[in-house]
2 protein chains.
Amino acid sequence: MEYLEAKNKFISTWGSLGSLWGINKAMAQIQALLFISTKPLSMEEIMEDLKISRGNTSMNLRQLMDWGIVTKTLVAGERKEFFTTEKDVQELARIVAVERSRREIKPVVKVLEEVSTIKDDGTAKTKELIKQTKALHELTETMDIMINKLVNQKQNWITKSLLKLFK
Amino acid sequence: MEYLEAKNKFISTWGSLGSLWGINKAMAQIQALLFISTKPLSMEEIMEDLKISRGNTSMNLRQLMDWGIVTKTLVAGERKEFFTTEKDVQELARIVAVERSRREIKPVVKVLEEVSTIKDDGTAKTKELIKQTKALHELTETMDIMINKLVNQKQNWITKSLLKLFK
DNA sequence: TTAAACTTTCAATAATTATTGAAAGTTTAT
DNA sequence: ATAAACTTTCAATAATTATTGAAAGTTTAA
């Protein structure tokens with residue numbers, strides 16, 4: 001496999017995997033491109049490489065910056081803006097995990113909490129609703145705590161966690 | 001909050017959370033409905049309750065069965081089919097984790113493996129591609145191993161894992 | 001074996017989500 | 001102050017994904 005084939009394969013696979021880490025295709029592809037680039041890239045270069053429009057590139061870069069995955073860098077003597085992504089995979093994974101927890105898990109935990117504390121009117125269906133949402137609330141909260149705990153170990157968190165789990 | 005409001009809130013929240021566990025809205029809503037039901041439900045009841053078509057219900061029930069989350073149950077003296085979902089949240093989480101690993105993570109690990117083993121032609125960009133995809137390959141594989149390890153503890157896996165991590 | 005009761009399939013359509021491109025906005029150099 | 005270089009915004013459009021509903025298929029009871 002040649003460089004170009006490998007590069008395209010990587011970008012498209014990573015792009016379609018977007019759903020797994022909760023971002024859209026273009027966002028994931030831009031990040032993938034920056035991830036294997038040897039230097040900061042301009043909007044121009046990104047749009048040309050991925051064959052996407054200027055508007056699309058601009059919007060998705062902005063979202064990547066909102067996630068804290070991509071940053072603007074100044075290149076000496078250049079007017080336009082250049083972009084780089086976090087290059088350390090573990091740090092990348094940390095950021096994604098924390099963001100998803102904040103954006104998606106925490107709001108759900110809140111709703112489950114609300115629903116699971118409605119007044120028990122004594123009917124079987126209310127009892128079941130309370131019981132099941134309570135269980136789900138506990139599970140979701142535990143998982144969220146787990147993720148945040150894992151991820152706050154900073155240095156080498158994945159390896160450390162794996163070791164602990166294997167014991 | 002009354003039963004009906006709580007029920008609807010639960011179903012719609014769980015539905016929109018579908019993306020987090022990688023299934024579509026109708027699928028998640030059907031599962032949610034079954035999850036808080038005190039008895040097995042027929043297709044008829046599901047379509048009426050969620051206001052979705054027969055075809056949609058049929059297809060999504062099938063998918064839920066493919067995932068191993070929902071099962072057909074026979075109800076004595078009834079001709080039509082009835083459905084139930086796994087009621088234990090921990091078992092539910094296990095099934096979802098294992099399925100996502102199989103369906104999404106493993107194929108990506110394979111591509112990363114392929115890409116990261118291309119021939120090093122000595123150029124900087126090839127070196128960077130190899131280095132970064134190798135790191136991603138390792139990370140993804142480690143996480144996949146972690147998930148499968150966690151999840152195979154069967155009984156009370158979440159609590160057990162949490163304890164280990166806190167030590 | 002037939003017909004009623006039920007489920008599945010799938011082409012058509014609707015709903016949602018992503019993308020474009022050009023106009024408006026901003027920054028910088030002179 | 002102005003114009004060139006660049007970025008952002010957003011209404012229009014395209015692409016994707018979900019949903020419908022009716023026809024075809026299956027099962028069961030008599």
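Reminder, nothing fancy here: chain letters follow the sequence lines and each chain counts from 1. In this text the structure is predicted, and so the values were computed from the model without any measurement.
Atom CD of Gln29(B) is separated from atom P of dT19(D) by 8 Å (rounded to the nearest Å). In this structure, Glu81(B) places its CD atom 6 Å from P of dT8(C), rounding to the nearest Å. Across the protein-nucleic acid pair, Ile46(B) atom CD1 and dC6(C) atom P stand 15 Å apart, rounded to whole Å. Rounded to whole angstrom, the span from the CD atom of Glu78(B) across to the P atom of dT27(D) amounts to 19 Å. The distance from atom CG of Leu74(A) to atom C1' of dT27(C) is 13 Å, rounded to the nearest whole Å. Remark: P of dT16(D) and CG of Asn24(B) are 18 Å apart, rounded to the nearest angstrom. Counting to the nearest Å, the P atom of dA22(C) and the CE atom of Met47(A) are 12 Å from each other. The interatomic distance linking Lys80(B) (NZ) with dA29(D) (C1') rounds to 15 Å, in whole Å.
Nucleic acid contact for Glu44(A): none, since no nucleic acid atom lies under 4.0 Å from a heavy atom of the residue.
Between Ile69(B) and Met27(B), the closest side-chain pair of non-hydrogen atoms is not below 4.5 Å. The side-chain heavy atoms of Ser16(B) and Lys25(B), taken from C-beta on, include no pair separated by under 4.5 Å.
Every residue two or more places apart in sequence or in another chain was checked for a side chain to side chain donor-acceptor pair (under 3.5 Å) with Glu2(B), and none qualifies.
Distance from the side chain of Lys25(B) is smallest for dT19(D) among the nucleotides dT8(D), dC6(D), dT19(D). Out of dT8(C), dT27(D), dT28(C), the shortest distance to the side chain of Arg79(B) is found at dT27(D).
Using a 4.0 Å cut-off between a side-chain N of Lys or Arg and a carboxylate O of Asp or Glu, Lys39(B) and Glu45(B) qualify as a salt bridge. Ion pairing of Asp66(B) with Arg103(B) is absent here, as no side-chain N (NZ or NE/NH1/NH2) approaches a carboxylate O to less than 4.0 Å. In summary, Arg102(A) and Glu99(A) engage in a salt bridge, as defined by a charged side-chain N under 4.0 Å from a carboxylate O. Salt-bridge check for Glu91(B) with Arg94(B): passed, with a basic side-chain N closer than 4.0 Å to an acidic carboxylate O. Between Glu128(B) and Lys87(A), at least one side-chain nitrogen of the basic residue sits less than 4.0 Å from a carboxylate oxygen of the acidic one, meeting the salt-bridge criterion. Lys9(A) and Glu114(B) are joined by a salt bridge, as a carboxylate oxygen and a charged side-chain nitrogen come within less than 4.0 angstrom of each other.
Within residues 52-63 of chain B, the residues approached by DNA chain C to less than 4.0 Å at the level of any non-hydrogen atom are Arg54(B), Gly55(B), Ser58(B), Met59(B), Arg62(B), in residue-number order.
Where pairing requires Watson-Crick or G-U contacts shorter than 3.5 Å, the helical stems of DNA chain D with at least three consecutive pairs are C:1-30 with D:1-30.
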